[in-house]
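Written out below as structure tokens is the structure these notes cover.
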2 protein chains.
Amino acid sequence: MARPKTHDESLRLRLLHRAAATVFDRGAAALSLRQLAADVKTSTTAVYSLFGSKAGLLSSLYQEAVRLFAERLAAVRPTGDPADDVIRIGLAYREYAVANPHLYAILFADRGVQCPSDSGRPREVVETYRPLVDAVRRGQRAGQFGTASDPEVIALSVWGMAHGLVSLVLSGNEPPELAVAGCYERALRALVTGWRGGEGSAAGRAAS
Amino acid sequence: MARPKTHDESLRLRLLHRAAATVFDRGAAALSLRQLAADVKTSTTAVYSLFGSKAGLLSSLYQEAVRLFAERLAAVRPTGDPADDVIRIGLAYREYAVANPHLYAILFADRGVQCPSDSGRPREVVETYRPLVDAVRRGQRAGQFGTASDPEVIALSVWGMAHGLVSLVLSGNEPPELAVAGCYERALRALVTGWRGGEGSAAGRAAS
DNA sequence: GTGTTTTCGTAACGGTGTTGTAATACGCTG
DNA sequence: CAGCGTATTACAACACCGTTACGAAAACAC
């Protein structure tokens, strides 16, 4: 009927791959559609016909990053010690973030900054912490965590601590004379220990 | 000697104030120097003679935000229960972040994104967690925390958990069926409890 | 060979931060 | 009081961005 399509799946992958490379080592802000199109020897129109907009391109990149992240966390196989599984998931979390800081930044970027089109759909990052919830649930059944709190709550606290310490490092807000790397695991273990006997045993009940 | 200066301290404050207002409710990305200059009825040159660049302006804004943040955390007066002081500092942390999300975002933004000029100097955010370290130190003396870890390490874990949970909320990565608001304090208390008896009492020593 | 239709590259639009340049407005001098 | 010197400012140009309108290109139908 008309001229043959060159904005096909192959070009889509090439664009995605090149964009991933740029974002990987220079960040999402350093990604220019003009430069990207020139690198892949096409025009900016290709990005718009294949991804809709720059936000759409970043959204596809986001999907890919989340997939890798979920794979990395799911690769932590359960052992007979669920509490230790939680720690190892936390370590894998940190490992991924340190290895791919810019992809990690895309994962946890502000909602407003990115994906203004499909902001209705929930972000899939939250799906990646399912293995953590499962580990906590197994730990509760094994008596390693108190049953006073839902496993989701305990998992969220671990998730928050991992994300917080990793974010401090990646954003350059690490205390100067104190390396997070050296106490990350100890902090996680302290938290796990704190959930053991149910919360609020020592300092609880005062406020709230 | 020449025409009178209008790019003086007064204009500097007006620019800073107007920029703060814009950043406060629309974020740093929505701040345009042209719009800012028009609002204050001057030219963009004023920003460059007073702040050097947009990054310089944001850096001044950063200083201001850090000052407010430090004030808010220092306003938590020590009581006879240091462990509870730690919790209350954590709650104040969250309160500030939720009340001023965009200022909080400036505080913990990527180093690369912002302040490319004065990136040599250490960031002052780390200074704001001094009250937390002090509270932990008092708690150790009172026997509420184990002495196996430096107070800086314990404080950093609390700092990380607060920052992590708050960041998850602000970036829109909160689990859908689970409000952080409802378990934030419980998580902090669990962590404090976990540091009580020295770390690693239950799940320790397995890895590492 | 002409028409039609789909597709794509180019160029333009409105916007940004930044910088070069020319006009301004005063103090000093004659 | 006129005019110069100069510090200081406003304006316009520059290079770049994401996005979009539009005309050219290409393959099929007749």
Side-chain angles (χ1 to χ4, degrees), chain A residues 1-16 18-20 22-23 26-62 106 109-110 112-119, chain B residues 1-16 18-20 22-23 26-62 102 106 109-119:
Chain A
M1 277 228 282
R3 75 190 271 186
K5 295 193 67 153
T6 59
H7 292 180
D8 54 359
E9 190 64 20
S10 152
L11 181 59
R12 192 189 128 92
L13 289 179
R14 275 191 295 150
L15 281 170
L16 213 50
R18 189 71 192 79
T22 300
V23 169
R26 293 198 296 145
L31 181 68
S32 154
L33 294 192
R34 284 178 163 91
Q35 187 62 49
L36 173 65
D39 288 347
V40 189
K41 285 178 184 43
T42 177
S43 62
T44 59
T45 312
V47 175
Y48 285 89
S49 69
L50 287 170
F51 299 95
S53 67
K54 181 177 186 178
L57 172 63
L58 287 177
S59 180
S60 294
L61 228 52
Y62 167 87
I106 287 186
D110 257 345
V113 175
Q114 143 181 354
C115 319
S117 59
D118 50 5
S119 74
Chain B
M1 277 225 282
R3 71 190 275 185
K5 294 195 69 153
T6 59
H7 292 181
D8 54 359
E9 190 64 20
S10 152
L11 180 59
R12 192 189 127 92
L13 289 179
R14 273 190 297 150
L15 281 171
L16 212 52
R18 190 70 192 80
T22 300
V23 169
R26 295 198 294 145
L31 181 68
S32 154
L33 294 192
R34 284 179 164 89
Q35 187 63 49
L36 173 65
D39 288 348
V40 188
K41 283 174 185 46
T42 177
S43 63
T44 60
T45 313
V47 175
Y48 285 88
S49 69
L50 287 170
F51 300 96
S53 68
K54 182 177 185 177
L57 173 63
L58 287 177
S59 179
S60 294
L61 228 52
Y62 166 87
H102 289 122
I106 287 187
D110 256 346
R111 259 205 150 118
V113 175
Q114 138 181 0
C115 319
S117 58
D118 50 4
S119 74

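Quantities reported herein were computed from a predicted structural model and do not represent experimental measurements. To find a chain, count down the sequence lines: A is the first, B the second, and so on, and within it residues start at 1. Computed from heavy atoms alone, side chains included, the values below leave out hydrogens, waters and symmetry copies.
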Given atom [atom1] of [X] and atom [atom2] of [N], what is their separation to the nearest angstrom?
X	N	atom1	atom2	value
A/K54	D/dT19	NZ	P	8 Å
A/H7	D/dA26	NE2	C1'	14 Å
B/L58	C/dT16	CG	P	15 Å
B/R3	C/dG27	CZ	P	14 Å
A/L36	D/dC16	CG	C1'	16 Å
A/K5	D/dA25	NZ	C1'	16 Å
A/F51	D/dG18	CZ	P	14 Å

Please determine, for the side chain of [X], which listed nucleotide ([options]) has the closest atom?
X	options	result
B/P4	D/dA26, C/dT18, C/dA25	C/dA25
A/T44	C/dG9, C/dA11, C/dT7	C/dA11
A/Y48	D/dG18, D/dA10, D/dT9	D/dG18

- prompt: Starting at the 5' end of DNA chain C and moving along, which residue's nearest nucleotide shows up first, A/T45 or B/L33?
  reply: A/T45

Ignoring hydrogens, what is the shortest heavy-atom contact between [X] and [Y]? Give both atom names and the distance.
X	Y	result
A/A37	A/S43	CB-C, 3.5 Å
B/S49	B/H7	OG-ND1, 2.8 Å
A/Y48	A/L33	OH-CD1, 3.6 Å
B/A46	B/L11	CB-CD2, 3.8 Å

- prompt: Got a donor-acceptor pair under 3.5 Å from the side chain of A/R34 to the base of D/dG18?
  reply: yes

Look at all strands and tell whether [X] reaches a base, only sugar-phosphate, or nothing, counting heavy atoms closer than 4.0 Å.
X	result
B/S43	base
B/L31	sugar-phosphate
B/S49	nothing

- request: Quickly, which of A/L16, A/L15, A/T22 forms a side chain to side chain contact (heavy atoms under 4.5 Å, CB included) with A/R18? Name it, please.
  value: A/T22

task: To the nearest 0.5 angstrom, please state how far the CG atom of B/L36 sits from the OG1 atom of B/T44.
output: 10.0 Å

field: Terminal helix-axis angle for the helix from C/dG1-D/dC30 to C/dG30-D/dC1, with five pairs defining each axis and rounding to 10 degrees
entry: 50°

query: Given side chains that start at C-beta, do those of A/I106 and A/V23 come closer than 4.5 Å, heavy atoms only?
result: yes

- request: Tell me whether the OP1 or OP2 atom of C/dG17 has a side-chain N or O from B/S32 closer than 4.0 Å.
  value: yes

